Amino acid sequence: MTWIPWNTQLRELAKQCQYLQALTLYRQMMRCGSTPNAFSFPFALKPSASLHLPFSGQQLHCQVIKSGCSPEPFVITSLISMYCKFNSLVNARKVFDENPISNQLTVCYNALISGYALNSRVSYVIALFCRMMEMGLPVNLVTMLGLIPVLSEPGYISLRMSFHCCCVKLGLNLDFSVANCILTMYVKCGAIELARNLFDEMPKKGLITWNAMISGYAQNGLAANVLELYKKMEGADVGRDVEQRIESSGLRLNPFLNNALINMYARCGNLVKVRATFDGMPVKTLVSWTAIIGGYGIHGYGEIAVELFDEMIKSGIRPNGAKFPGPENYSCMLNLLGRAGRLNEALELIKSMQVKPDGAVWGALLGACKIHRNVEIAELAFEQVIKFEPMNIGYYVLLSNIYSEAENLEGVLKVLE
DNA sequence: CTAGGGTTAG
């Protein structure tokens, strides 16, 4: 019997996360005399699967070694990725080094690079990247995605320079998606001129290309350049093929670009443009709402901001997504909710935060409690805020004022202690 | 039968 039906079934079970059944089938397959091959068990090396299996991926690794034959590339890559996902970089490296074939496979480099990058092992990342280019291996989108966590880190300017030199020296032939990634990297670290050079050199420009470049200008407040590119984009629309036309009309409705624009208009206080851009968007994301609410908020239109907040909730979007920005944005929203007297909602918002609340967030809540005389929440907020600033006398005064306004003498005495 | 993994907005 051939192994194809077995493998197909194994893969099907693995896809449905029925790992124990897959294991049973795997054993049955061996009893029937079929030799499992590389296609039979990479699924077992996936971290999600290993958690459900009665043996660890490492044990399976031992089994592979015991079998005597050198593992096939699929297995090697699976092993590397498995060890990386469990942050066992030493083991991942061992697999890479012990199997010379890894040295010639982009996939193996990709797996190891992303493992090092996620653990901020910068020197390893750059060494591996250089090595794979010296080997003449193709760098692809997946390689770049692995590199991004390290290259976008604000502190690594020298690394980015050496990365850039590396690319130039070796004459890296940039394919479309790799170029997009490098462009993004330049934009993220504010190297806007390098970004523009690359942008101009790119023979093909896609949605992400235009987007990254225009939003790069928007982020740096270069409104004139935004307009210039906009016009260029429209120009590119004429006389080009249908595909390009669709791409560039998609750009105008593109949430990434529009959100960047809302933020730019908000920063320069053009609330009319903010509103128009926002209203023109067919689909509004959490980022769009955050941008417009923040825009009205910082320019003194707290009431409109709170109304928009309600509208957002009504439309089914909640501010607890994993991608909601840092604590500063929360304190802005909290100030708005707090001043409007909606303290319970403010508290709920804090509880839903994915980022760790800082002192300012709790301080804002405490301040709002003073205005709206809410002792209960004030006690809660106070308890948190002094964890951050135990020596700040202002908070003690604030709490005792809240107590005294509520004619709670006991509380006042407690604070004085 | 196929490993590495999905970029841009805040």
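Every chain is numbered from 1, with letters handed out A, B, ... down the list of sequences. Everything numeric in this text was worked out from a predicted model, so none of it was measured.
Rounded to whole Å, atom P of B:dG4 lies 18 Å from atom OH of A:Tyr109. In this structure, A:Leu183 atom CG and B:dT8 atom P are separated by 11 Å, rounded to whole Å. As a whole-Å value, the separation of A:Asn140 CG from B:dG6 C1' is 12 Å. The CG atom of A:Leu118 sits 11 Å away from the C1' atom of B:dG5 (whole-angstrom rounding). Atom CD in A:Gln219 sits about 5 Å away from atom P in B:dA9, given to the nearest Å. Rounded to whole Å, the distance from CH2 on A:Trp289 to C1' on B:dA9 is 17 Å. Atom CD1 in A:Ile214 sits roughly 17 Å away from atom C1' in B:dT7 (whole-Å rounding). Separating the CG atom of A:Leu112 from the P atom of B:dG5 is a distance of 12 Å, rounded to the nearest angstrom.
Salt-bridge check for A:Asp279 with A:Lys284: failed, with every basic side-chain N at 4.0 Å or more from each acidic carboxylate O.
In the set B:dA9, B:dA3, B:dG5, the nucleotide with an atom closest to the side chain of A:Val107 is B:dA3. Closest contact between the side chain of A:Val142 and the listed nucleotides B:dA9, B:dG5, B:dT8 involves B:dG5. Listed candidates were B:dA9, B:dA3, B:dT7. Nearest to the side chain of A:Val287 is B:dA9. Distance from the side chain of A:Ala260 is smallest for B:dA9 among the nucleotides B:dG5, B:dA9, B:dG4. With B:dT7, B:dT8, B:dA3 as the candidates, the nucleotide lying closest to the side chain of A:Asn180 is B:dT7. The listed nucleotides are B:dA9, B:dG4, B:dG5; the one nearest the side chain of A:Ser215 is B:dA9.
At B:dG5, one or more side-chain N or O atoms of A:Lys85 fall inside 4.0 Å of OP1 or OP2 (strictly under the cut-off). For the pair A:Ser81 and B:dG4, the criterion of a side-chain N or O lying under 4.0 Å from OP1 or OP2 is met.
Across all strands, A:Thr209 comes closer than 4.0 Å to no nucleic acid atom at all (heavy-atom distances).
Across all non-hydrogen atoms, the minimal contact from A:Met281 to A:Ser288 is CE-OG, 3.7 Å. A:Pro138 approaches A:Thr106 most closely through the heavy-atom pair O-OG1, 3.1 Å.
The CG atom of A:Leu257 sits 12.5 Å away from atom CD1 of A:Ile208, with the distance rounded to the nearest 0.5 Å.
Considering only heavy atoms from C-beta on, A:Asn91 stays 4.5 Å or farther from A:His61 through its side chain.
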